[in-house]
Colleague: 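First the structure, then my questions, so here it is.
Sequence lines set the chain letters: A, B, ... in the order given, protein chains first and strands last, and positions in each chain run from 1.
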Amino acid sequence: MKEYVIDANNMDEKELNRTIKEHAPSYDRLIIDNPESRHNICAGLCEDVEIQINGSAGYFVGTMVNGPRIHINGNAGWFAGDNMTEGELVIEGTAGDGAGQGIYGGTVIVKGNTGSRTGEIMKGGTVIIGGNSGFMTGLLMMGGRLIILGDVTDDVGESIMRGSIYVLGDVKSLGKNALMEMATPEDQKELKETLTEYGFELSDEDYTNFKKIVNIQ
Amino acid sequence: MCGIAGVIYKDKKTHPVGEALTSMLESLQHRGPDSAGYAIYGSLDFPENYYQLNIEVKRKRGALDNLKSLLNQISPIYEEKLIESVGDSDVYKCKIALEEYSLLKPCISEIDDLENVRVINGSHSFEMIKDTGKVKDIAERFDVQSRMGTHGIGHTRFATESGVDRYHAHPYQSYIIPDITVVHNGQITNYWKIRDPLERKGHTFESFNDTECIVHYMADKLDQGYKLEEALDQAVIDLDGPFSILVGTPNGIGIAKDKLGLRPGVMVETDEIFAIASEEMALHDVVDSDQIEQIAPGETRAYTI
């Protein structure tokens, strides 16, 4: 595997992204050290490349990407994976508001908790939150799957139009146009395939406890 | 956008708060390029009823002499320093004594009546430093790095509704009770609904800036006996619009975030320190921890020593 290490120390956002885009076509993996929560890391990257970020990323990490598999060994700020069309974004820590906002495809995984409006206006793809998710999770959702393994707070699925929100923990309240039912055996099978693929270990009983939130027809 | 930052050390001892806040604000520089400011508490070790005044003085013949002449009628000037700044004016910093705190605001109003001067603030237990320009330049201009303190708040400003000048830089201060300051990222949309009752109670407004409205609101609540946490909780109920408010008092700092969570706020707490900022990158300047907490919509957090 061909690897290239980028030390982001003393680089501004544009210089960092320019360096990533210059090297992405020639290497299998880029390792970014000292990201220091900079914003927009990997914005618009369209290469089939692995990106390993050692530290926290700021706002809009992996925005508008098509193809890369980004792994963050730290936290992320607001709007992680925004408008992704294809690829993978894995955040080992927590994320701020709007994780997975507006994605069309690909997968966004946050192992810890997220802030408000997780998966808002998402149109496709999958967003998985290992911890809890905040206010208005799935706001104006138009497609895709949003899977929360922890609890969600108020107004889940506010004004949801299409797509599904699966919650294993407690749901404090539903938003307008949202309906909650238990996940079907087909849903559970699909959830198990997806979550197992990304290393989440749940018992068979856990899968029977998933709630499914969709729009009122 | 604006950047807010606050830090408090739990051991109640003095620490290099100026250096800590400068690092945090430099990390948040991209959130607000036009002005910046600090309120550093515990940095002035003044006897009772001694106050520090920061006064903007235009570089016009006689302006500083007239100011000093008036000040000498009010109080002896115990310490003074003229700090060269940008634009057409400098900042005159001095130490005076008054018989009681209630005379501070009238003293400021009297000075403001002079031509070519404007009082930035008057304080007893904290030092206010604010100016136009970049954080780095302001920190150098006012030697912020050397300021020790127990806690403080700071701000980088991206002006949206009111002018860009030294006075409108944050923090804002209220004189309803001593030494209450606020920095703010956002807009208060029910501004007049909040301002009207405060004015009817006799509180004076100097501008139409919504942060000034918030600092008087907070000081009024604290004056009524609310604890800092309670005043912040009430602010979430009473104030409309998107906001993250960071409040400084002589013994604490606290944040309130609007009900919809439309402005950012993150925090970190260890055994030694409690820190708040707009973005995670600023927290890493003062704490080596990845245990970053997102402040939820409508949530308030505070720490007092």
Colleague: Any chance CD of A:E201 has more than 12 other-residue heavy atoms, nucleotides or ligands included, within less than 6.0 Å?
Modeller: no
Colleague: Side chain, backbone, both or neither: which part of A:R117 has an atom under 4.5 Å from a heavy atom of chain B?
Modeller: side chain
Colleague: Looking at A:S37 and B:M281, what are the two nearest heavy atoms and their distance?
Modeller: O-CE, 2.7 Å
Colleague: With a cut-off of 6.0 Å (strictly less than), are more than 12 heavy atoms of other residues, nucleotides or ligands near NZ of B:K10?
Modeller: yes
Colleague: Shorter than 4.5 Å, heavy atoms on both sides: which option in A:G96, A:G74, A:G115 has the most such pairs with chain B?
Modeller: A:G96
Colleague: Could you tell me whether B:D288 atom CG has more than 12 heavy atoms of other residues or ligands within 6.0 Å of it?
Modeller: no
Colleague: Looking only at non-hydrogen atoms, find the nearest pair between A:A76 and B:Q294 and report the distance.
Modeller: O-NE2, 4.3 Å
Colleague: Identify the two heavy atoms, one from A:W78 and one from B:G261, that lie closest to each other, and give their separation to 0.1 Å.
Modeller: CH2-O, 4.1 Å
Colleague: If you tally heavy-atom pairs under 4.5 Å against chain A, which of B:I292, B:D285, B:L260, B:V266 wins?
Modeller: B:L260
Colleague: Check the surroundings of atom OH in A:Y104: do more than 12 heavy atoms from other residues, nucleotides or ligands lie under 6.0 Å from it?
Modeller: no
Colleague: As an exercise: rank A:G134, A:A95, A:P35 by heavy-atom pairs under 4.5 Å with chain B and give me the winner.
Modeller: A:A95
Colleague: Could you tell me whether a side-chain N or O of B:D290 sits under 3.5 Å from a main-chain N or O of A:N75, the two making a donor and an acceptor?
Modeller: no
Colleague: Select one option (side chain, backbone, both, neither) describing which atoms of B:L283 are under 4.5 Å from chain A's heavy atoms.
Modeller: neither
Colleague: I would like to know whether A:E13 and B:H30 meet side-chain contact (heavy atoms from CB on, under 4.5 Å); could you show each step before the answer?
Modeller: CA-CA 11 Å; A:E13 279 171 33; B:H30 60 277; 5.6 Å; no
Colleague: Could you check whether atom CZ of B:F158 has more than 12 heavy atoms from other residues, nucleotides or ligands sitting under 6.0 Å from it?
Modeller: no
Colleague: Are the side chains of A:Y59 and B:E279 in contact, using a 4.5 Å heavy-atom criterion?
Modeller: yes
